Amino acid sequence: ARLDKLHGIYPEVTLYEDFEELLKDDRVDIISICLPSAMHADFAVRAMRAGKHVLVEKPIDITPERAALIEQARIETGMTCGIVHQNRFSFNIAAIKRAVEEGRIGRLLLGTFAVKWYRDQKYYDRGGWRGTWEMDGGGSLMNQAVHTVDLMQWLMGEVESVTSTMNIYNHNIKTEDMTASLITFKSGATATFVSTTCAYPGICTEIDLYGTEGSIEADADLLKTWKMRDDEDEEEEEEMLARYGKGNRYAAEQNPGVLYGHRHVVEDIILAVRDGRDPEVMPADAMRAVKIVDAVYRSAKAGGVKIMLD
């Protein structure tokens with residue numbers, strides 16, 4: 001029924017009921033893997049072995065071991081493989097990344113990250129795979145907050161240890177709808193990370209960095225604070241908030257032709273295949289977030305013991 005509805009909307013597009021038929025179609029160069037999370041590795045590996053390039057939705061898969069199968073297949077086949085972590089390409093996040101790399105906020109001391117979202121029970125009941133260890137790989141952290149886990153490690157660097165707790169508070173699921181973690185980094189910095197799908201009606205996505213020379217705070221694609229020690233008259237903060245304080249859509253209007261989010265990711269995989277280069281987010285990049293999530297779950301399941309990451 002869903003295929004029939006889509007065919008009515010896009011009559012010129014070929015629809016497939018069998019994955020093997022898709023793999024055999026020589027007109028297809030790139031396959032986007034948007035299946036339940038635990039199916040990502042199986043289908044991505046099959047696609048690459050059939051000579052197709054792939055774009056894999058987040059998370060890359062639900063365990064580090066399964067994620068590694070995608071990287072191994074990429075290396076063995078020589079096919080191009082990109083991962084969807086589109087929040088890296090929000091206008092404000094790109095500006096924050098530049099500030100970190102240029103040393104504008106000095107030595108990073110603290111990060112606070114909180115994904116305060118809401119999902120009702122119907123969300124978990126649809127499809128039957130969400131909120132299960134077998135297919136979703138977790139709950140609020142693995143599914144909703146893995147994007148922000150990716151941003152945390154991308155901005156703050158390599159994680160050293162994780163100490164966590166989790167529970168099911170307001171849903172009939174098998175995994176968790178809230179986690180809280182204390183995270184240390186090899187740089188010496190510390191971060192807190194909270195994820196939940198219990199924050200009615202969906203509140204915010206906090207991405208906050210504090211360093212020796214400055215502080216930056218954001219809520220998803222909205223820049224909230226830009227305080228730099230060398231910006232005594234606050235002219236820079238005023239300019240940055242004007243550029244990035246109203247979200248991606250407003251920033252895109254001021255930067256016509258510059259793509260953000262999913263559109264950026266899709267364009268990137270197409271250009272990577274065309275130009276014979278690597279996409280901007282590779283399997284090895286996406287595996288870092290899955291390793292952190294895995295460590296959170298192992299810590300919480302063991303009663304909050306500290307888990308050291310390799």
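These numbers come from a predicted model, not from an experiment.
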Could you pull out every donor-acceptor pair under 3.5 Å between side chains of residues 177-193 and any protein atom, sequence neighbours left out?
residue, atom, partner, partner atom, Å
D177, OD1, Y169, N, 2.7
D177, OD2, Y169, N, 3.2
D177, OD2, N170, N, 2.7
D177, OD2, H171, N, 3.2
D177, OD2, H171, ND1, 2.9
T179, OG1, S195, OG, 2.7
S181, OG, S164, OG, 2.7
T184, OG1, S161, N, 3.3
T184, OG1, S161, OG, 2.5
K186, NZ, E158, OE2, 3.1
S187, OG, A189, N, 3.3

Worksheet item: Does the side chain of E234 come within less than 4.5 Å of M228's, by heavy atoms?
Response: no
Item to complete: Start with the C-alpha distance between R126 and Y124, add both sets of side-chain angles, then the distance that settles side-chain contact (heavy atoms from CB on, under 4.5 Å), and finish with yes or no.
Response: CA-CA 6 Å; R126 285 196 302 270; Y124 289 101; over 6 Å; no
Practice prompt. Identify the two heavy atoms, one from Y260 and one from A252, that lie closest to each other, and give their separation to 0.1 Å.
Written response: CE2-CB, 3.7 Å
Discussion item. With a 6.0 Å cut-off (strictly less than), is the heavy-atom count around CZ of R298, excluding the residue itself, greater than 12?
Written reply: yes
Practice prompt. Look at the side chain of N92 and the backbone N and O of A220, then say whether any donor-acceptor pair between them is shorter than 3.5 Å.
Written response: yes
Practice prompt. May I ask you to say whether E213 pairs ionically with R107, meaning some side-chain N is under 4.0 Å from a carboxylate O?
Written response: no
Worksheet item: Is a side-chain donor or acceptor of D221 paired with a backbone partner of N248 at a separation under 3.5 angstrom?
Response: yes
Worksheet item: Are any of the side-chain heavy atoms of L209 and L155 separated by less than 4.5 Å?
Response: yes
Worksheet entry | I269 side chain reached by I30 side chain, heavy atoms, under 4.5 Å | yes
Practice prompt. State whether R130 and D125 are salt-bridged, where the test is any N-O pair (Lys NZ or Arg NE/NH1/NH2 against Asp/Glu carboxylate O) under 4.0 Å.
Written response: no
Worksheet item: Taking NZ, NE, NH1 and NH2 as the nitrogens, is one of them in R46 or D42 under 4.0 Å from a carboxylate oxygen of the other?
Response: no
Practice prompt. For E238, look at atom CD and say whether over 12 heavy atoms of other residues, nucleotides or ligands are found less than 6.0 Å away.
Written response: no
Practice prompt. Keeping the roles fixed (side chain from D136, backbone from G131), state whether a donor-acceptor pair exists under 3.5 Å.
Written response: yes
Worksheet item: Can you name the nearest heavy-atom pair linking M79 to G51, along with the distance?
Response: CE-O, 3.1 Å
Worksheet item: Can any side-chain N or O of D120 pair as donor or acceptor with the backbone N or O of Y123 at less than 3.5 Å?
Response: yes
Practice prompt. Locate the shortest heavy-atom distance separating F19 from A47; write the atom from each residue and the value.
Written response: CZ-CB, 4.3 Å
Item to complete: Check whether any side-chain N or O of R243 sits under 3.5 Å from a backbone N or O of A251 as a donor-acceptor pair, and report yes or no.
Response: no
Item to complete: Would you mind checking if E101 and R98 are paired as a salt bridge, meaning a charged N to carboxylate O distance below 4.0 Å?
Response: no
Worksheet item: Do other residues, nucleotides or ligands put more than 12 heavy atoms under 6.0 Å from K97 NZ?
Response: yes
Worksheet item: So, does W226 use its side chain to make a donor-acceptor pair with the main chain of E236 at under 3.5 Å?
Response: no
Worksheet item: When you check the gap from the basic side-chain N to the acidic O, do D29 and K52 get nearer than 4.0 Å?
Response: no
Discussion item. Side chains of I31 and L55, heavy atoms from C-beta outward: is any pair under 4.5 Å?
Written reply: no
Item to complete: Give the C-alpha distance, both sets of side-chain angles, the deciding distance and a yes or no for side chain to side chain donor-acceptor pair (under 3.5 Å) between E280 and H85.
Response: CA-CA 10 Å; E280 293 183 82; H85 274 300; over 6 Å; no
Worksheet item: Got a second to check how far I83's CD1 is from M282's CE, nearest 0.5 Å?
Response: 9.0 Å
Fill in: Intermediate values then yes/no, side chain to side chain donor-acceptor pair (under 3.5 Å), E217 and Y210
CA-CA 8 Å; E217 297 176 330; Y210 308 95; 2.5 Å; yes
Worksheet item: Quick one: are Y297 and E176 in side-chain contact, heavy atoms under 4.5 Å?
Response: yes
Worksheet item: Ignoring hydrogens and geometry, is there a side-chain-to-backbone donor-acceptor pair from S299 to V305 under 3.5 Å?
Response: yes
Item to complete: Carefully, step by step, assess K58 and D150 under the rule salt bridge (charged side-chain N to carboxylate O under 4.0 Å, His left out).
Response: CA-CA 10 Å; K58 65 78 191 171; D150 174 67; over 6 Å; no
Discussion item. Looking only at the side chains, is there a donor atom on one of T205 and W117 sitting less than 3.5 Å from an acceptor on the other?
Written reply: yes
Worksheet item: Parallel, tilted or perpendicular for Y244 and F91, by the 30°/60° rule?
Response: parallel
Worksheet entry | Euclidean distance, I307 CD1 relative to K301 NZ, rounded to 0.5 Å | 11.5 Å
Worksheet item: Do NZ/NE/NH1/NH2 and the carboxylate oxygens of D25 and R27 come within less than 4.0 Å?
Response: yes
Item to complete: Could you give me the CA-CA distance, side-chain angles and deciding distance for T80 and D278, then say whether side-chain contact (heavy atoms from CB on, under 4.5 Å) is met?
Response: CA-CA 7 Å; T80 302; D278 290 334; over 6 Å; no
Item to complete: Kindly say whether D231 contributes a backbone atom to a donor-acceptor pair with the side chain of E237 at under 3.5 angstrom?
Response: no
Worksheet item: Would a distance-only check, ignoring hydrogens and angles, find a side-chain to backbone donor-acceptor pair under 3.5 Å from R66 to A38?
Response: yes
Worksheet item: Tell me, do F43 and L35 make a side-chain contact under 4.5 Å, heavy atoms counted?
Response: yes
Worksheet item: Under 4.0 Å between a Lys/Arg side-chain N and an Asp/Glu carboxylate O for D268 and R277?
Response: yes
Discussion item. For W154, is there any backbone N or O sitting under 3.5 Å from a side-chain donor or acceptor partner on R88?
Written reply: no
Discussion item. Are M48 and I70 packed together at the side-chain level, in the sense that at least one heavy-atom pair is separated by less than 4.5 angstrom?
Written reply: yes
Discussion item. Within the 3.5 Å criterion, strictly below it, is a donor on D208 or T112 matched to an acceptor on the partner's side chain?
Written reply: yes
